[in-house]
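Letters go in sequence order (proteins before strands), and every chain restarts at 1.
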2 protein chains.
Amino acid sequence: MSFTISPSPRVRRSPFYEATVADGVVSFTSYNHMLMPTSYGDPGAEYDRLINHVSMWDVAVERQVQLKGPDAGKLAQVLTPRKLDKLTVGRGWYVAICDHRGVILNDPILLRVSDDQYWLSIADSDVLFWARAVAGERNLDVEITEPDVSPLAIQGPKAADVVGALFGDTATSLGHFAFREMSLEGIPLVVARSGWSKQGGYELYLMDGSKGTDLWNLVKQAGEPFGIGPGTPNPSERVESGLLSWGGDTDDETNPFEVRMERYIDLDAPDDVIGIDALRRIKRDGIKRHQLGVQFDYTERFGLYDRASQILKDGSRVGAVTAHAWSPRLERNIGLALVDRSLTAGDAVDITLPDGTNTSGTLCELPFI
Amino acid sequence: MSFTISPSPRVRRSPFYEATVADGVVSFTSYNHMLMPTSYGDPGAEYDRLINHVSMWDVAVERQVQLKGPDAGKLAQVLTPRKLDKLTVGRGWYVAICDHRGVILNDPILLRVSDDQYWLSIADSDVLFWARAVAGERNLDVEITEPDVSPLAIQGPKAADVVGALFGDTATSLGHFAFREMSLEGIPLVVARSGWSKQGGYELYLMDGSKGTDLWNLVKQAGEPFGIGPGTPNPSERVESGLLSWGGDTDDETNPFEVRMERYIDLDAPDDVIGIDALRRIKRDGIKRHQLGVQFDYTERFGLYDRASQILKDGSRVGAVTAHAWSPRLERNIGLALVDRSLTAGDAVDITLPDGTNTSGTLCELPFI
């Protein structure tokens, strides 16, 4: 069944909205109180562009929470259990934001924009309010806002060609997760080597919401020789690559150790970091669940599911499949699973799909590819 | 243009989802990371049922944030600048949750469920995280969760007939915003005299998410003699009635005095209430904007807008229309306006609609009806 999404001022348009409509967007999801394109009607072509050519995505829903002022660095540090003393200006780091229990409430990229200015490029929860609560309660001297910044992603093996054509070597020579402020025909933006795929790419953080269509069309034009076309964060590629979707693959109890984020956690981070005590305790006591991949025996190609599958072993529930996808490269159905720690890669499991269908599968390490 | 909404595990189904699909829902919005029905395809009939008969709504998106434990009352109080010492068990109060600047970040109903247990029945922002941040930073002994509770609203002049048929006098004799725990054929729920309309009504807070279809059908059956049918929070009725939609009618600077919430603010609330200092200062210095109604001269019936209109006076921008609606009872286009304090009811203004059309209108007091 398919339903329309009704217009509401609570669910905002992206600056690229008009351009995506002109390019044939057919469906949206909501993310951070905004609309995000999820399909242009040809999933096969969209996947192919991402894997073999280059794709452009409206990911303005990756809202920025800006921390600015004398205590911006201090606030950034207490918000994440990753030691930030080596985060230099012009670099972005993937971090977990945890609550006092050590549970992940967002997994943003933290960009250090200047000495006393940071952006949290966030997943789908109200980090703006979380950060304000902490700053207000700790009396920190920092201004916390959502600036007029809207990322447009260019992803795929030919992304560097497009970015090179637009910005030259200054942009293409950026290291992974490095960024710099630039402009394009007077449009202010940040060019970052980042993006929610493993195919390589860049994100242009548009810094003037009135220029969305202009920027979209400049990228489209520069990308034409390389076969660029519109796309979206890709449900198949991201499962193949084992990328986490906060709020989909996580629940109200998920800690970073359960979902392969251990390398972004420093247990010797300062004691005033939120959640650090809980994380030290969890690490000491051990986790109860962990994230693995699952290869399904079910052969009919998956579409999009909005709910988890249940995973069973010897008749008992031992976990859930939080993301399902047909993998064109593996030519099989795969998924991301959050399962009991007693299960490991290679284990055969029974699975009940959201529609009640019983099937089976095998757990495996991530990523798939 | 209309677009489909794509399935995602990040955007959850309501327990009433299957029942609303069976009853012909055609469109949704997202709210608190869930899907909420917005139309069953016949806006005229849905409005008529609400105004003249009785309507049933899936408002499971009104998520509950439960505060439970020794410090639950203390936390509830610091979260809102309304004195709670007279809030007794079995009563719900409309409150503002403000940040340290006095800006509204949610406008929930706060229900006192038991001595040390409260529910915040929230608008569309992550109060769960806000409350956890405050409790964690203040070291309060309170558990903060989202319980398995999903409201179903019964609204309209014949709502009491339906609730009477289902629950008897115990329910219909409830005072405004009073509630009590009851059950219906074994389904645990709370019956509250409340709802997001001014047509009178009740909300059944379903306390077992596996019973959504059962409860829906029991209400439908009991309501049949009274002409019940499916509906949704009604965009026309709520503008006529001057009901606030947080996140639509408010922005990142809106304080309670600007949007007619002054009577829910106690400036002599305890000094440790978040935002109380800022609110005292705002009250002393005076507000810069206020909310009024607007009657449009534009005669073509409004549909749904997803953006604000601009309000101009002598060529200068003086505010915005945050909600637009065709009023069947007034037989004209109306709206909610957030305008400069210098403007008052009776003032004629120029208005630029979201699509660029220039028109005009007259400001007026709220509510319209």
Side-chain angles (χ1 to χ4, degrees), chain A residues 1-13 21 25-31 33 35 37-39 99-101 103 105-106 123-139 145-146 232 235 245-249 252 274-275 303-308 322-324, chain B residues 1-13 21 25-31 33 35 37-39 99-101 103 105-106 123-139 145-146 232 235 245-249 252 274-275 303-308 322-324:
Chain A
M1 268 168 300
S2 84
F3 303 101
T4 62
I5 187 161
S6 55
S8 165
R10 271 186 312 94
V11 186
R12 299 168 292 173
R13 290 185 181 186
V21 170
V25 65
V26 296
S27 66
F28 289 94
T29 188
S30 71
Y31 197 100
H33 310 276
L35 293 177
T38 50
S39 174
D99 68 15
H100 297 77
R101 303 172 299 153
V103 169
L105 57 87
N106 207 281
D124 184 27
S125 67
D126 294 339
V127 172
L128 186 69
F129 295 159
W130 177 262
R132 280 183 181 154
V134 173
E137 292 297 298
R138 298 198 183 190
N139 249 311
T145 56
E146 184 185 299
T232 71
S245 172
W246 184 88
D249 302 322
D252 197 40
I274 296 173
L304 295 174
Y305 278 115
D306 64 353
R307 287 171 299 163
T322 60
H324 307 74
Chain B
M1 267 169 302
S2 84
F3 303 101
T4 61
I5 187 162
S6 55
S8 164
R10 271 186 312 96
V11 186
R12 299 169 291 173
R13 292 184 182 187
V21 169
V25 64
V26 297
S27 66
F28 288 95
T29 187
S30 70
Y31 197 100
H33 310 276
L35 292 177
T38 49
S39 174
D99 67 17
H100 297 77
R101 303 173 301 154
V103 169
L105 58 87
N106 207 280
D124 183 28
S125 67
D126 294 338
V127 172
L128 186 69
F129 295 158
W130 177 262
R132 281 183 181 155
V134 173
E137 293 296 297
R138 297 198 183 191
N139 249 311
T145 55
E146 182 185 300
T232 71
S245 172
W246 183 89
D249 302 323
D252 197 40
I274 296 173
L304 295 174
Y305 279 117
D306 64 352
R307 287 170 299 162
T322 60
H324 307 74

Item checked: Shortest non-hydrogen separation from B:Val21 to A:Phe3 and the atoms involved -> CG2-CZ, 3.8 Å

Next item on the list: Please determine, among B:His324, B:Arg307, B:Arg10, the option with the most heavy-atom pairs under 4.5 Å with chain A.
Entry: B:Arg10

Next item on the list: Heavy-atom distances under 4.5 Å only: say whether B:Val127 touches chain A with side chain, backbone, both or neither.
Entry: neither

Checklist line | B:Ser6 versus chain A, the contacting section by heavy-atom distance below 4.5 Å | finding: both

Check: Any idea which of B:Thr38, B:Val134, B:Thr145 has the most non-hydrogen atom pairs under 4.5 angstrom with chain A?
Finding: B:Thr38

Next item on the list: State, yes or no, whether a side-chain contact exists between A:Val11 and B:Ser30 at a heavy-atom distance under 4.5 Å.
Entry: yes

Margin query: Is A:Arg132 close to chain B through its backbone or its side chain, or both, or neither, when contacts mean heavy atoms under 4.5 Å?
Written below: both

Next item on the list: Could you tell me which of A:Asp249, A:Ile274, A:Asp99, A:Val25 has the largest number of non-hydrogen atom pairs under 4.5 Å with chain B?
Entry: A:Val25

Notebook entry, point to check: If you count heavy-atom pairs under 4.5 Å between each of A:Ala308, A:Gly248, A:Gly136 and chain B, which one has the most?
Noted result: A:Gly136

Notebook entry, point to check: Top residue by heavy-atom pair count (under 4.5 Å) with chain B, among A:Arg12, A:Glu146, A:Arg101?
Noted result: A:Arg101

Check: Which atom names give the shortest non-hydrogen contact between A:Pro9 and B:Thr322, and what distance separates them?
Finding: CG-O, 3.7 Å

Notebook entry, point to check: Between B:His33 and A:Asp124, which heavy-atom pair has the shortest distance, and what is it?
Noted result: CE1-O, 3.0 Å

Check: What pair of heavy atoms forms the shortest contact from A:Ile5 to B:Thr4, and how long is it?
Finding: CG2-O, 4.5 Å

Check: Would you say the side chain of A:Phe129 lies within less than 4.5 Å of the side chain of B:Asp126, judging by non-hydrogen atoms?
Finding: no

Notebook entry, point to check: Non-hydrogen atoms of chain A under 4.5 Å away: do they reach the side chain of B:Leu35, the backbone, both or neither?
Noted result: neither

Next item on the list: Let me know if A:Thr29 has heavy atoms under 4.5 Å from chain B in its side chain, its backbone, both or neither.
Entry: both

